[in-house]
There are 2 protein chains.
Amino acid sequence: MRADAQKNYDTIVATATLVFTEKGMDAPLDEIATRADVGPGTLYRHFPTREDLIDAVIKSWIAQIEAAAHDAVLSDSPAREVLLSWFAEYVARISRNKGGPSKFTSAMSNPQSPIFSKCEVLREANERVLDRFRVEGVIRADIDSLEVCRIIGGVAMVADQTGLDELTTASMLGVVIDGLLTT
Amino acid sequence: MRADAQKNYDTIVATATLVFTEKGMDAPLDEIATRADVGPGTLYRHFPTREDLIDAVIKSWIAQIEAAAHDAVLSDSPAREVLLSWFAEYVARISRNKGGPSKFTSAMSNPQSPIFSKCEVLREANERVLDRFRVEGVIRADIDSLEVCRIIGGVAMVADQTGLDELTTASMLGVVIDGLLTT
DNA sequence: ACCTGAACACCGTTCAAGT
DNA sequence: ACCTGAACACCGTTCAAGT
């Protein structure tokens, strides 16, 4: 990539990160281009779709969720407690930017999506945590990680759209967890 | 209301019903005005916001949910079975038009919304069903109907956005129900 | 009192002209 | 090879002019 192209690419991603934080993942691309001091065509050349841009923005932090999953796998606290903080963590990550829960949860079921592979990282982290408890026999074995991601994603979408606080969200997650536990 | 105004009002609502069915509740208002043979200003005069229009459209069927709730209250099938078909019914109603789950579930937590009172009808129907099982002691008493509407609404939103089939949706509802049951 | 439709604003998307 | 920005399309919203 040419030096000026690389510079524009980096500036656009940095600006998008900022604008997504301020206004959510549905923020006008126009504003991103303007604040990055590039023409709209430049943004489109680098990122043909909004999801391509989202993909570049989340690249810097999406893998961090694996550490949280790792903690959940190793923790010796009660299952319900571990799952509650793990799911809360999951929700917090995909809700980092407004509009995130909707984007991630939809893309997870769509292999064509530019951010599908990033969603797989989320799902696999979840899979690892669920696997631990499946082995221990404390949660149902007939619900796969995709389905769990969808249900938790649904809770996150409602919380995101409605602006619910963490306590209310945790209460909803508690219901889902009780539905997963066999005990 | 003047005769011509009344006629326009009725035509707009009828056309909106059609367009919402075809393209969902986020369909362009423009198309509704054009197909109803009125100017955009006429649509805005009668319905200042999209939600005002939605309110008029759903008026004709929103109360039907009470009959389904009534059936659920009287049914002598096992609780899990009754709740599953009730929640499936609830999801089907709010998913009648694409984009519906998101609209209803958001408005339910916002008393300022023009469709808030319609959402109350949904919530109260749910309340009646939940009350029956609370009295019987088969479901948790610490989760109110608003919270249940939110969780089920979240499932409906995911299903709506992702285009999930009824079986997959029912499976997710099953998890939520198991989380509500005390047995 | 109500309707019309031109006009404006906003935003996504394309592409001819430039470097 | 890449960038610019004018231009177009689309859609929501307003309002002066009409009936």
Side-chain angles (χ1 to χ4, degrees), chain A residues 1-57 97-100 102-103 106-107 112-115 161, chain B residues 1-57 97-100 102-103 106-107 112-115 161:
Chain A
M1 198 183 291
R2 225 169 64 179
D4 55 346
Q6 182 68 57
K7 181 173 175 280
N8 278 335
Y9 182 98
D10 293 341
T11 309
I12 289 170
V13 173
T15 308
T17 302
L18 205 68
V19 175
F20 284 169
T21 301
E22 286 174 19
K23 314 210 167 172
M25 285 183 158
D26 292 310
L29 298 176
D30 189 33
E31 181 174 343
I32 296 171
T34 304
R35 285 172 59 172
D37 269 312
V38 298
T42 304
L43 195 152
Y44 273 81
R45 157 174 283 266
H46 289 294
F47 308 101
T49 71
R50 176 183 293 272
E51 293 205 314
D52 286 308
L53 180 55
I54 291 176
D55 185 70
V57 166
N97 302 124
K98 213 177 151 216
S102 173
K103 288 271 176 333
S106 290
Q112 309 305 320
S113 167
I115 62 171
Q161 281 196 16
Chain B
M1 199 183 289
R2 224 169 64 178
D4 55 345
Q6 181 69 56
K7 183 173 176 279
N8 278 335
Y9 182 98
D10 293 341
T11 309
I12 290 169
V13 173
T15 307
T17 302
L18 206 66
V19 175
F20 283 169
T21 302
E22 287 174 19
K23 314 210 166 172
M25 284 184 158
D26 294 309
L29 297 176
D30 189 34
E31 181 174 342
I32 296 172
T34 304
R35 285 172 59 172
D37 269 312
V38 299
T42 303
L43 195 152
Y44 273 80
R45 158 172 283 264
H46 288 294
F47 309 102
T49 71
R50 176 183 293 272
E51 293 205 314
D52 285 308
L53 180 56
I54 290 176
D55 184 71
V57 166
N97 302 124
K98 214 176 150 216
S102 173
K103 289 271 177 330
S106 290
Q112 309 304 322
S113 167
I115 62 170
Q161 281 195 15

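Computed from heavy atoms alone, side chains included, the values below leave out hydrogens, waters and symmetry copies. Below, chain A is the first sequence line, B the second, and so on; all start at residue 1.
One can place CZ of A:Arg45 at 16 Å from P of D:dG5, the figure rounded to the nearest angstrom. Straight-line distance from the OH atom of A:Tyr9 to the C1' atom of D:dA1: 17 Å, rounded to whole Å. Look at CG on A:Asp4: it is 19 Å from P on C:dG18, rounded to the nearest Å. Regarding B:Leu43, its CG atom lies at a distance of 13 Å from the C1' atom of D:dC11, rounded to whole Å.
The partner of D:dA1 is C:dT19, judged by Watson-Crick or G-U wobble contacts that both fall below 3.5 Å. With a cut-off of 3.5 Å on both Watson-Crick or G-U wobble distances, the partner of D:dA7 is given as C:dT13.
Using modelled atom types, one finds no donor on one side chain facing an acceptor on the other under 3.5 Å when comparing B:Thr11 with B:Asn8.
Taking side-chain N and O atoms only, B:Asn8 has a distance below 4.0 Å to OP1 or OP2 of C:dC3. Neither OP1 nor OP2 of C:dC2 sits under 4.0 Å from any side-chain N or O of B:His46.
The side chain of B:Arg2 lies closest to C:dA1, out of C:dA1, D:dC3, C:dC3.
Classification of the A:Tyr9-A:Phe47 ring pair by plane angle, with boundaries at 30° and 60°, yields tilted.
Taking CD from A:Glu31 and CD from A:Glu22, the interatomic distance works out to 7.0 Å, rounded to the nearest 0.5 Å.
The two residues B:Pro114 and B:Asp55 come nearest to each other via the heavy atoms O-OD1, 3.4 Å.
Exactly one of A:Lys103, A:Lys98, A:Arg50 qualifies for a side-chain hydrogen bond (donor to acceptor under 3.5 Å, both in side chains) with A:Asp26. That residue is A:Lys103.
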Using the 3.5 Å cut-off, write out each protein N or O paired with an N or O of nucleotides 12-16 of chain C and the distance between them.
unit_1 : atom_1 : unit_2  : atom_2 : d
C:dG12 : OP1    : A:Arg50 : NH2    : 3.0
C:dG12 : OP2    : A:Leu29 : N      : 2.9
C:dG12 : OP2    : A:Asp30 : N      : 3.3
C:dT13 : OP2    : A:Tyr44 : OH     : 2.4
C:dT13 : O5'    : A:Tyr44 : OH     : 3.3

